[in-house]
2 protein chains.
Amino acid sequence: MITETVRVAVDMAVFTVRDNRLWILMIRRGKTPYEGMLALPGGFLEPGEDLDQAAYRELTEETSVLPEHMHLEQFHSYGSPGRDPRGRVVAVAYFALIPTPPTTEAGGDAAEVEWTPVDDLLRADADIAFDHRRIVADAVERVQAKLEHTTVATRFCGEIFTISQLRQVYEAVWDRSLDPANFYRKVTKIADFVVSTGQTTSIGGGRPAGLYRAGDARTLEPPMYRPR
Amino acid sequence: MITETVRVAVDMAVFTVRDNRLWILMIRRGKTPYEGMLALPGGFLEPGEDLDQAAYRELTEETSVLPEHMHLEQFHSYGSPGRDPRGRVVAVAYFALIPTPPTTEAGGDAAEVEWTPVDDLLRADADIAFDHRRIVADAVERVQAKLEHTTVATRFCGEIFTISQLRQVYEAVWDRSLDPANFYRKVTKIADFVVSTGQTTSIGGGRPAGLYRAGDARTLEPPMYRPR
DNA sequence: TCAAAAGTGTTATTAGTACACCCATGT
DNA sequence: ACATGGGTGTACTAATAACACTTTTGA
């Protein structure tokens with residue numbers, strides 16, 4: 001049988017929500033190929049390492065976020081023969097959801113890290129390396145679907161948040177505006193999605209909002225269907 | 001940097017529906033490791049080959065089914081360091097949905113091919129090689145979810161089918177019984193899910209059933225939510 | 001007092017569920 | 001005639017959407 005050297009890489013699509021928009025962490029490439037273009041952070045699988053471990057390692061090389069405050073999930077693998085001009089690379093792609101505001105750590109390449117609004121990035125004019133435009137688009141779709149029947153939206157918020165902030169997460173990811181009243185009722189009625197802390201906050205005018213933290217539920221019962 | 005030889009394999013979870021049950025195609029292993037145990041069909045990625053191409057090649061080595069009558073989709077990759085005792089193997093797993101009754105082709109290993117009901121296979125007593133029990137379980141979950149908002153259930157039927165046969169597919173995959181009357185109305189109301197051929201059939205007693213073929217829709221609007 | 005955001009009430013519409021009942025065939 | 005599955009009617013229930021309205025703060 002003919003053999004071919006294949007390398008396995010892990011590519012990360014790291015998302016956060018800020019200013020009512022969905023942002024993704026990209027790297028400005030400093031060397032060929034695709035020098036000067038935007039690419040997803042990532043790296044090669046190391047000996048003895050699980051895929052999930054590699055993804056977590058790559059994530060912590062770029063950001064400082066505790067495991068319990070984020071969501072990390074594999075979503076697709078990419079292996080077209082020509083996807084990397086340097087050789088045969090199969091990329092296992094992950095997405096991560098982290099709270100806002102994220103702190104970008106000085107990990108050697110820190111100066112090249114760029115947070116970018118996803119909608120801007122996916123418009124045709126952005127220069128994106130490799131097949132990473134497709135990977136980003138796939139990741140966004142997966143995250144949108146994930147918010148419908150899981151509780152991962154809370155991973156975009158900090159430990160404590162208001163229902164309004166949670167709604168802004170849904171609005172940013174789905175790119176749709178939602179009725180605040182109906183959203184409030186639905187979210188607070190779902191068992192163990194959010195739990196009240198009893199405290200209130202008064203940032204940004206208006207009646208103070210109740211403060212909540214993420215509950216123990218991992219799936220939404222019933223789901224939050226996005227409007228069509 | 002330390003390098004390690006990694007091989008990329010494609011593993012296939014091939015499903016069909018027969019006798020109101022979901023079946024999966026497994027291989028009885030003829031050599032070590034895991035000799036005599038059941039494993040998913042699969043093989044290594046070949047030079048210059050895309051992942052989807054490799055999956056399709058593996059599928060046609062085991063079954064004879066035309067691309068337009070099946071559904072083939074990647075769902076997860078598995079890369080634990082110890083998952084294959086022969087060395088480092090990252091497996092990209094696909095599921096395929098093919099019509100019933102499937103014809104198993106004589107592909108050299110034909111004698112070792114075994115169609116197995118999924119529920120039997122996942123009961124604890126079955127001997128399954130590698131991490132393939134987990135892969136099968138993941139595949140089943142993905143297929144169940146897929147039937148909710150896509151039209152792939154029609155890939156289990158032949159070119160022409162009755163609404164009742166389509167319902168039996170849903171019942172087998174979801175392992176739940178559905179109300180025939182409500183199912184009929186819902187399915188026929190969704191635009192381009194199924195289209196009537198104008199013909200009827202009279203297999204198995206009772207009033208003859210209308211015959212339908214799959215429509216052009218790929219997503220279900222509205223979705224078919226499985227009962228909780 | 002006014003603007004603004006939080007949260008509650010109310011109603012109309014729609015989707016889902018249960019099940020009675022008629023239809024069209026083979027035996 | 002009767003059993004069998006195909007297909008229609010209909011009433012009940014639950015989820016959704018729209019929006020008026022009250023509450024509680026800062027300015």
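The analysis underlying the following values was restricted to heavy atoms, covering all of them including side chains, and did not include hydrogens, waters or symmetry mates. Order of the sequence lines sets the chain letters (A, B, ...), proteins ahead of strands, with each chain counted from 1.
- At a non-hydrogen distance threshold of 4.0 Å, nothing from residues 212-221 of chain A comes into contact with DNA chain C.
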When the side chains of residues 214-225 of chain A are checked against the rest of the protein, which donor-acceptor pairs come out under 3.5 Å, sequence neighbours left out?
from   : atom 1 : to     : atom 2 : distance (Å)
A/R218 : NH1    : A/D216 : O      : 3.4
A/E221 : OE2    : B/R228 : NE     : 2.6

**Report entry** Contact letters for nucleotides 13-19 of chain D, in which S counts primed atoms plus P, OP1 and OP2 and B counts the base, heavy atoms under 4.0 Å
**Finding:** ---SBBB
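- The stretch residues 148-160 of chain A does not touch DNA chain C, since none of its heavy atoms comes less than 4.0 Å from the strand.
- Between B/E148 and B/R226, at least one side-chain nitrogen of the basic residue sits less than 4.0 Å from a carboxylate oxygen of the acidic one, meeting the salt-bridge criterion.
- When rounded to the nearest whole Å, the span between CD of B/Q165 and P of D/dG7 equals 11 Å.
- The separation between B/R176 atom CZ and C/dG16 atom P is 16 Å, rounded to whole Å.
- Straight-line distance from the CG atom of B/L178 to the P atom of D/dG5: 17 Å, rounded to whole Å.
- When heavy atoms are screened at a 4.0 angstrom cut-off, A/T162 is found touching no nucleic acid atom at all.
- Partners of A/K186 under the salt bridge (charged side-chain N to carboxylate O under 4.0 Å, His left out) rule, at least two apart in sequence or in another chain, do not exist in this structure.
- Other residues, nucleotides and ligands contribute over 12 non-hydrogen atoms within 6.0 Å of the CZ atom of A/R57.
- Within a 6.0 Å sphere centred on CZ of B/R133, other residues, nucleotides and ligands contribute more than 12 heavy atoms.
- Ion pair B/E73/B/K146 flagged as a salt bridge, since at least one NZ, NE, NH1 or NH2 atom sits closer than 4.0 Å to an Asp/Glu carboxylate oxygen.
- A salt bridge between B/E114 and B/R28 is present, with a side-chain N of the basic residue lying under 4.0 Å from a carboxylate O of the acidic one.
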Query - Nucleic acid footprint by protein, nucleotides 22-27 of chain C - heavy-atom cut-off 4.0 Å, B for base, S for sugar-phosphate alone - result: -BBB--
